[in-house]
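Letters A, B, ... are given to chains in the order of the sequence lines, protein chains preceding strands, and every chain is numbered from 1. Remember, predicted model here, so these are calculated numbers, not experimental data.
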Protein chains: 2
Amino acid sequence: MNDKELDPTKKSHSREALLEAAERLFAEKGYEAVSTRELAEAAGVNLGAIQYHFGSKAKLFVETVHRMMRGSGCARAQFALTTTPTSAEDAATRLCKFVYSFLGYMLRPQGPQPCRLMIREIFTETTRDEEMYEALVSTVADEYSKPLEDTLIANLRLLADNKSQRELQHLARCILGQCTLYATHRPFIERIMNEDISKSPALEELAEHICRFTLRGLRLPETFIDNVIANASEKV
Amino acid sequence: MNDKELDPTKKSHSREALLEAAERLFAEKGYEAVSTRELAEAAGVNLGAIQYHFGSKAKLFVETVHRMMRGSGCARAQFALTTTPTSAEDAATRLCKFVYSFLGYMLRPQGPQPCRLMIREIFTETTRDEEMYEALVSTVADEYSKPLEDTLIANLRLLADNKSQRELQHLARCILGQCTLYATHRPFIERIMNEDISKSPALEELAEHICRFTLRGLRLPETFIDNVIANASEKV
DNA sequence: GTCTATAAGCAGATAGAC
DNA sequence: GTCTATCTGCTTATAGAC
């Protein structure tokens with residue numbers, strides 16, 4: 001990358017093309033399911049380029065995850081939690097908006113989905129290689145999970161200011177867990193409900209329920225909750 | 001199996017041995033990561049036996065999942081929710097106990113873990129084969145997810161009897177989601193907290209927090225919650 | 001039903017020409 | 001830096017003897 005800035009004319013187009021193709025393919029199909037040949041073809045480069053630029057498929061993968069995590073500022077930016085909240089009502093509205101957009105992101109694939117990618121690869125322990133696993137976990141934790149959790153906490157703090165940092169962490173995870181379940185268990189849930197949960201009335205219903213349940217878990221008054229949910233859903 | 005009862009002398013020992021080895025290995029490492037050779041060796045049978053008895057590795061896998069789901073009565077029995085609750089307090093205590101044991105089950109591997117197995121395979125869409133995927137999803141949904149959800153709902157109904165069936169489903173999933181997150185995101189969470197969350201004070205702290213948050217989400221009074229949590233944790 | 005030997009294919013990695 | 005051709009090792013599945 002820095003090489004590119006130094007010499008923009010004849011620098012490795014294939015490295016960049018590979019990273020872009022890898023981002024898309026790995027996120028779509030998972031590490032194991034993508035072969036180096038497929039990767040090279042999709043990038044329009046030679047098979048040998050993978051070894052030349054990255055040394056191995058695994059190292060290309062680690063590099064891709066790095067890029068994804070840094071590149072998109074995935075966590076906060078994507079879910080409209082960038083600026084700091086000003087009031088309790090503001091914080092609650094932001095949290096609700098987050099739930100709406102996070103749920104939509106998990107259930108309506110459009111473009112690469114870093115979150116899905118990582119959950120999958122880490123949970124399945126895709127790479128038995130210790131060193132690489134460590135690299136993956138730390139990248140994702142530092143560049144994605146931690147910032148996302150911190151942003152949620154910043155909003156939660158205004159709604160439960162007597163809580164310790166540790167309790168706020170728990171609360172953040174309660175929200176994330178409720179959303180994530182619909183991604184990890186989606187096929188089962190859709191079979192039970194006999195309904196596509198990414199379609200429009202269903203998705204909003206799920207989001208609203210999660211918001212309401214969460215705000216009740218924070219012991220907020222019902223009128224406040226109604227108000228916040230109305231605000232959040234109209235502005236999404 | 002019924003064959004075995006009919007003719008105990010010369011009936012296929014290898015079929016059974018394969019299913020047992022498959023249950024353990026697939027749950028441990030995942031479908032892709034287990035080779036047919038490994039399977040045959042672990043079962044102490046010949047490689048050809050897999051093709052002979054099941055036709056393919058994939059069909060053996062489907063058979064294994066069937067067996068797991070039916071066999072252990074996984075959902076309810078495992079988490080002490082078998083009998084029907086008698087009172088609101090009883091129901092709440094059961095829910096808390098469920099959270100404790102479900103969390104322990106997800107985070108402290110001992111023996112095959114059907115739940116983990118399915119989440120992983122379904123989420124990663126391990127098999128591209130349409131027919132097989134359908135078989136997996138329906139088995140798991142019918143034999144595991146649905147019964148588990150129904151049992152949770154039976155308890156939730158006593159705590160929120162003015163709710164519709166659909167709302168009760170949502171509530172059940174709020175509980176499951178909070179627990180499941182700690183399994184799917186475990187490496188990230190442990191890195192952030194710098195702590196093994198399956199160890200003893202940590203696990204109980206997580207469980208207690210989930211219980212408290214959930215019961216608050218149901219708008220139950222704080223004294224009731226304290227009482228229930230005290231009951232549940234001492235009896236676990 | 002169980003075995004051995006082997007087929008057929010695809011994976012990731014490499015050597016060496018240009 | 002990019003290419004082709006190839007190596008090595010693994011996978012699942014099969015054919016046919018016993």
**Message:** Expressed as a whole number of angstroms, how long is the span from B/N46:CG to D/dC18:C1'?
**Reply:** 13 Å
**Prompt:** Separation of A/R37 atom CZ from C/dC10 atom P, in whole Å?
**Reply:** 10 Å
**Item:** Length of the CD-C1' vector between A/E32 and C/dA11, whole Å
**Value:** 10 Å
**Prompt:** Cut-off 3.5 Å, side chains only: do A/Q178 and A/T214 have a donor facing an acceptor?
**Reply:** yes
**Request:** Provide, to the nearest angstrom, the distance between the OH atom belonging to A/Y52 and the P atom belonging to D/dT4.
**Result:** 17 Å
**Request:** Side chain of A/S35 only, please: which of C/dA11, D/dA13, C/dT14 is the nearest?
**Result:** C/dA11
**Side-chain H-bond candidate by donor/acceptor type, A/R191 with B/S145, under 3.5 Å** = no
**Request:** Take the protein atom CZ of B/F54 and the nucleotide atom P of C/dT2, then report the distance between them rounded to whole Å.
**Result:** 11 Å
**Prompt:** Expressed in angstrom and rounded to an integer, what is the separation of A/L47 atom CG from C/dG12 atom P?
**Reply:** 9 Å
**Gap between atoms CD and C1', on A/E16 and D/dT2 respectively (whole Å)** = 17 Å
**Item:** Phosphate OP1/OP2 of C/dG12 contacted by A/S56 side-chain N/O (<4.0 Å)
**Value:** no
**Request:** Identify which nucleotide among C/dT14, D/dT2, C/dG12 has an atom closest to any side-chain atom of A/S14, counting heavy atoms from C-beta outward.
**Result:** D/dT2
**Request:** Verify the ring-centre separation between B/F123 and A/F123: is it less than 6.0 angstrom?
**Result:** no
**Prompt:** Under 6.0 Å from the NZ atom of B/K146, do we count more than 12 heavy atoms belonging to anything else shown?
**Reply:** no
**Message:** Measure NE2/B/H53 against C1'/D/dT14 and give the value in whole Å, please.
**Reply:** 16 Å
